[in-house]
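Quick notes on the structure that follows.
Here is how names work: the chains are called A, B, and so on, in the same order as the sequence lines, proteins then strands, and each is numbered from 1. Small disclaimer: the values here were computed from a predicted structure and weren't measured.
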2 protein chains.
Amino acid sequence: MHDMPTPNSAAIEPLKVACASCNLRELCLPVGLNASELDQLDGLVAKRRAVPRGEHLFRNGERFEALYAVRTGFFKTCVGSEDGRDQVTGFQMAGELLGLDGISSDHHHCDAVALEDSSVCVIPYTQLEGLSREFSVLQHQFHKIMSREIVRDHGVMLLLGNMRAEERLAAFLLNLTQRLQARGFSASSLVLRMTREEIGSYLGLKLETVSRAFSKFQEDGVLDVKQRQITVLDQPALQRLVSNAAC
Amino acid sequence: MHDMPTPNSAAIEPLKVACASCNLRELCLPVGLNASELDQLDGLVAKRRAVPRGEHLFRNGERFEALYAVRTGFFKTCVGSEDGRDQVTGFQMAGELLGLDGISSDHHHCDAVALEDSSVCVIPYTQLEGLSREFSVLQHQFHKIMSREIVRDHGVMLLLGNMRAEERLAAFLLNLTQRLQARGFSASSLVLRMTREEIGSYLGLKLETVSRAFSKFQEDGVLDVKQRQITVLDQPALQRLVSNAAC
DNA sequence: CGAGTCTTTGATTATCTTCAAATCCCGTGG
DNA sequence: CCACGGGATTTGAAGATAATCAAAGACTCG
């Protein structure tokens, strides 16, 4: 036994990470907290965990103990149908919370997988409940995050229920660029961390259909597509596709 | 002006309704509370509101003030795409909570419409946050309800993304009968409160497709369909359809 | 009883999936 | 440094599923 994290399992780092100095604090759980409250939250978020690309942060059925805030990297969550094939339910980037589904039954209801080398803050759930009984701002922020997830899911249901392939892909790309922009990245240039198949699973499409939609956007001069390197050339065109959905 | 509720607007009844004596307390927010806690929750849930069939309980964009627990009746919630057509995101029956989407931004993000004459308990949200800071059991129960909604939504995403028409309808009917059974109704006989179009909107299908799926189930002896009166004749067949989905 | 809504059913069409094969790309090891 | 291997992506052709269009029939509510 030695101190190095084993290369093939998610390493636990007992490293202290201060929410107070985290550049994600305006996107994450600490929104609105004052200095003293931040300090107490930091006492709770004592652990960080590294998750190498391709590894699970947690699996469907595992006991739920903590929420995870993405610090760096990129995740997908998927639920599995009983026979094996699965549905990607979301992609999570820095500042977003993973594991909310686990509260309902003390067990996780989906898999969370890192799509690139990532690290997360571990937020022990019982302690979070305790602290949010003390600080109404934290309580409210936590509730807002859960509610936002519900609103997001309803948006995905609208997408899956009413939109056609190209409209779905347009909505997906706009959503991604918006979130990247909120984190200081370009609104027009992005590198996809997921495969066509994972995009397809999220959008309720087969990978070939996703690929064809990308090609169509390329032909139409809406996107420049170089494998996973995407440049948005005509954002209004994407917007129009989404707005005119289900006409 | 007179005391009668106006027939075309949801009436406000200042009637005291005791959670403590409500036969839904094992399905609703009060789960796990002791007598004294129940009493305090009752102090908060002071109002009941009647919503006639076809009326809105709240609308997309309205200010969010309170959650609503369905006391009697049946609701649908829908989100609208920008152009007009909308997606039903859920059907709610007795003991289920409406309005959770509103927490995220202090405004409702969907419409809630009564599908039959209904009544709800009004739960002022700020007060609920206050009380759940005092009672950890209430707090946890509330979190579980939000988390359960997220898990449910992920299930719908799986349905919309991976299942074919008949599989979707089977999953829908099994879900309905399970919830009705939990409320003491028959697991094999039910009256649909929604139109084929509303079912279709929820399932991402057109009303004709829903109708054809019902006819197919009737032919195959899986269901007896008399308009909205449905009898499940072969529940295992429905289960198989759902389990084998996306093979 | 009648109007209007809801539902069913048939025929045709659009969209997406499936199957298949070629190509691209990245990391690895020689 | 370059060739190789395997996963990822693109593209084409054929087939399946659900949408659309259309019309008739059934039920509900006033």
Query raised in the report: Going 5' to 3' along nucleotides 5-11 of chain D, which nucleotides have protein heavy atoms under 4.0 Å from the base (write B), which only from the sugar-phosphate (write S), and which from neither (write -)?
Result: ---SSBB
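Distance CZ (B:Phe217) to C1' (C:dT8): 16 Å, rounded to an integer number of Å. Rounded to whole Å, the distance from CG on B:Asn162 to P on D:dT17 is 15 Å. Look at CD1 on B:Ile230: it is 10 Å from P on C:dT7, rounded to the nearest Å. A straight line from CD of A:Gln229 to C1' of C:dC26 spans 16 Å, rounded to a whole angstrom. When the C1' atom of C:dC6 is taken as reference, atom CZ of B:Arg53 falls 11 Å away, rounded to whole Å. Between A:Leu203 atom CG and C:dT15 atom C1' the separation is 16 Å, expressed in whole Å. D:dA19 atom C1' lies 14 Å from atom CD of A:Glu167, rounded to whole Å. Nucleotide D:dT17 holds its P atom 16 Å from the CE atom of B:Met163, rounded to whole Å.
Among the heavy atoms of the strands lying under 4.0 Å from A:Gly204 are primed sugar atoms or P, OP1, OP2 only; no base atom is included.
For the ring pair (Phe, Tyr, Trp, His ring centres under 6.0 Å) test, residues two or more places apart in sequence or in another chain that qualify with B:His108 are B:Phe58, B:Phe64. In this view, A:Arg196 satisfies the salt bridge (Lys or Arg N to Asp or Glu O under 4.0 Å) rule with no residue, not counting sequence neighbours. In this structure, the salt bridge (Lys or Arg N to Asp or Glu O under 4.0 Å) partners of B:Arg164, at least two apart in sequence or on a different chain, are B:Glu167. Remark: A:Asp117 engages no residue in a salt bridge (Lys or Arg N to Asp or Glu O under 4.0 Å) (not counting sequence neighbours). Taking B:Glu65 as the reference, B:Arg63 meet the salt bridge (Lys or Arg N to Asp or Glu O under 4.0 Å) condition, with sequence neighbours excluded. By the side-chain contact (heavy atoms from CB on, under 4.5 Å) test, B:Ala114 is found to be paired with B:Val51, B:Phe75, B:Ser118, residues two or more places apart in sequence or in another chain being considered.
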List, one per line, each side-chain donor-acceptor pair under 3.5 Å for residues 169-182 of chain B, sequence neighbours excluded.
residue  : atom : partner  : partner atom : Å
B:Asn175 : OD1  : B:Arg179 : NH1          : 2.8
B:Thr177 : OG1  : B:Leu173 : O            : 3.0
B:Thr177 : OG1  : B:Leu174 : O            : 2.9
B:Arg179 : NE   : B:Glu96  : OE2          : 3.1
B:Arg179 : NH2  : B:Phe91  : O            : 2.4
B:Arg179 : NH2  : B:Glu96  : OE1          : 2.9

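Judged purely by distance below 3.5 Å, without hydrogens or angles, the side chains of B:Ser189 and B:Thr231 never pair a donor atom with an acceptor atom. Side-chain N/O atoms of A:Ser188 and A:Gln235 include no donor and acceptor closer than 3.5 Å.
Axis angle between the ends of the helix from C:dC1-D:dG30 to C:dG30-D:dC1, five pairs each and rounded to 10 degrees, works out to 50°.
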